[in-house]
2 protein chains.
Amino acid sequence: MTTDAVAPAAERLVEAAFALFEERGYDDTTVDDIAARAGVGRTTFFRHYGSKEAVIFPAHDGLLDRIAARLDAAATATIDLAVVEAARIVLRHYVGEGDRARQRYRLITSVPALRDRELAGQRQYQRLFAGRLRDRWDDADAGLRAELVAAGVVAAHNHVLRGWLRGDVTDPEAALDHAMSYVLAQATGDVETTTSVVVVQSRRSAAEVADTVRRALEH
Amino acid sequence: MTTDAVAPAAERLVEAAFALFEERGYDDTTVDDIAARAGVGRTTFFRHYGSKEAVIFPAHDGLLDRIAARLDAAATATIDLAVVEAARIVLRHYVGEGDRARQRYRLITSVPALRDRELAGQRQYQRLFAGRLRDRWDDADAGLRAELVAAGVVAAHNHVLRGWLRGDVTDPEAALDHAMSYVLAQATGDVETTTSVVVVQSRRSAAEVADTVRRALEH
DNA sequence: CGCACCTAGGGTACTGAGTACCAGACGAGC
DNA sequence: GCTCGTCTGGTACTCAGTACCCTAGGTGCG
């Protein structure tokens, strides 16, 4: 009924919020200010975003749904890889946001309330990861291992994302692969690993055997 | 000047808060209610605790200081073990609280605002761990590895603490040792490990070689 | 002794986030 | 035309958190 000429109210509120937070600072901006600049009423703000903090964050619900679907589609044996792919979905989302993500990062690093809020959002992903991993594993320490891997995946993702946001990382997906290699090594459970020495008898010389093994390992 | 007969105001406020939160629920308890039951003014509440949430949490500052001291005292080579010991300090603190810790756990699991607050507290420990680990390490991935280990230590600690709070774990320190073994395995960097196949020539039969190797491995 | 200073508490008034409730505008469908 | 659902605006309220000023007690010092 009002001027929908430019963009829907929800988007205009986000634009207004980012602009005002950057101009005047988070604490010196009221929800009234945001609503006024967006050309809507205060009520409309709270209808779209549950709190003043929420307006600068992406809609986690959609991402969480996509990730849950990805995890459910994974085979039990590759659930750890699926979790990594889920983290990649999140990373791609942030990278796809571009400047908006960088703007949010600047705000988060300077406003404690927003930092707390971001953490609360991340916990949802971590919980989802841990839950699905625990469901697929069935050893005695499944719960513990699931939580460790979930924490690792989130930490690795954050490390890479922060690097990209700061401009230190130019290829975030490659950096994610590298970071996740540490986490996956833990996930595959090298902890209780046993090493066996296999002895076989052959007429070939040591050099011949070494060559054969090397070729076999190299395919 | 007022009735200091029983306990100092700060403690009375904590008692009042826990009691009221349990009786009426967190949302249906106002700061005025808490102050009134503690027999102090509202101003006094905010003088001691920065927010309504803060009143049920332990003073992290003291713990963080002790932990920082413990970490600074550690040798570079054993910094990862020192982080584990730091986590043990925190665990002991909570276990030492006894029922109070269980009361808090009940509140945290049911009140989102308190959950967020707890997470914000944990981040401080995780940041401290990651920072000290990063300082002591100097390889290319030091920052990443430090964050992964810090996240793992916190996750392991939380897993054990939750188990104890729920009554599933009776010996939390032993459980911590066990959980930390997973984290430390990652910290010691098994990641870039290479496996070599050693081929040697011998006149002995496969059975003899296997026996010899087995005896050597068993000392 | 008197004075300055510090600490712990109390009271009042204000801002602003978040909630509840009601009312109007619009489009779709019957 | 009428109704239903959806989006919106406005008003009034609660309550957390802040700012400011006040009082009572204890302590050190000249």
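Every chain is numbered from 1, with letters handed out A, B, ... down the list of sequences. Because only heavy atoms are used, hydrogens play no part in the values below, and waters and symmetry mates are left out as well, while side chains stay in.
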Side chains of residues 120-129 of chain B: which donor-acceptor partners sit under 3.5 Å, not counting sequence neighbours?
| unit_1 | atom_1 | unit_2 | atom_2 | d |
| --- | --- | --- | --- | --- |
| B/Q122 | OE1 | B/N158 | ND2 | 3.1 |
| B/Q122 | NE2 | B/N158 | OD1 | 3.3 |
| B/R123 | NH2 | A/D116 | OD1 | 3.3 |
| B/Y125 | OH | B/H60 | ND1 | 2.8 |

Taking only distance into account, with no hydrogens and no angle test, what donor-acceptor pairs under 3.5 Å do side-chain atoms of residues 43-52 of chain A form with protein atoms, sequence neighbours excluded?
| unit_1 | atom_1 | unit_2 | atom_2 | d |
| --- | --- | --- | --- | --- |
| A/Y49 | OH | A/A10 | O | 2.9 |
| A/S51 | OG | A/E53 | N | 3.4 |
| A/S51 | OG | A/A54 | N | 3.2 |
| A/S51 | OG | A/R117 | NH1 | 3.3 |
| A/K52 | NZ | A/Y26 | O | 3.0 |
| A/K52 | NZ | A/T29 | O | 2.7 |

Quick one: side chains of residues 14-25 of chain B, donor-acceptor pairs under 3.5 Å with protein atoms, not counting sequence neighbours, listed by atom name and distance.
| unit_1 | atom_1 | unit_2 | atom_2 | d |
| --- | --- | --- | --- | --- |
| B/E22 | OE1 | B/R106 | NH1 | 3.0 |
| B/E22 | OE2 | B/R106 | NH1 | 3.4 |
| B/E23 | OE1 | B/R37 | NH2 | 3.0 |
| B/E23 | OE2 | B/R37 | NH1 | 3.4 |
| B/E23 | OE2 | B/R37 | NH2 | 3.3 |
| B/R24 | NH1 | B/D33 | OD2 | 3.0 |

Between CZ of B/F45 and P of C/dA8 the distance, given in whole Å, is 17 Å

Length of the line joining B/L20:CG and D/dC15:P, which is rounded to integer Å = 14 Å

Once each nucleotide of nucleotides 12-17 of chain C is scored for protein heavy atoms under 4.0 Å, what B/S/- sequence comes out, 5' to 3'?
-> B---SB

Kindly write out the residues that satisfy side-chain contact (heavy atoms from CB on, under 4.5 Å) with B/E97, not counting sequence neighbours, or none if the list is empty.
-> B/P58, B/H93, B/Y94, B/R100, B/A101, B/R104

Rounding to a whole Å, what distance do you find between B/R47:CZ and C/dG11:P?
-> 11 Å

Taken to the nearest 0.5 Å, the spacing of A/E85 CD from A/L91 CG works out to 11.0 Å

Taking only residues two or more places apart in sequence, or in another chain, which ones meet B/D65 in a side-chain contact (heavy atoms from CB on, under 4.5 Å)?
-> none

Hey, is the side chain of A/H48 poking within less than 4.0 Å of OP1 or OP2 on D/dT8, counting only N and O atoms?
-> yes

Roughly, in whole Å, what's the span from CG in A/L13 to P in D/dC7?
-> 14 Å

Between atom OH in A/Y49 and atom P in D/dC7, what is the gap in whole Å?
-> 13 Å

D/dG17 C1' sits how many Å from A/Y26 OH, rounded?
-> 14 Å

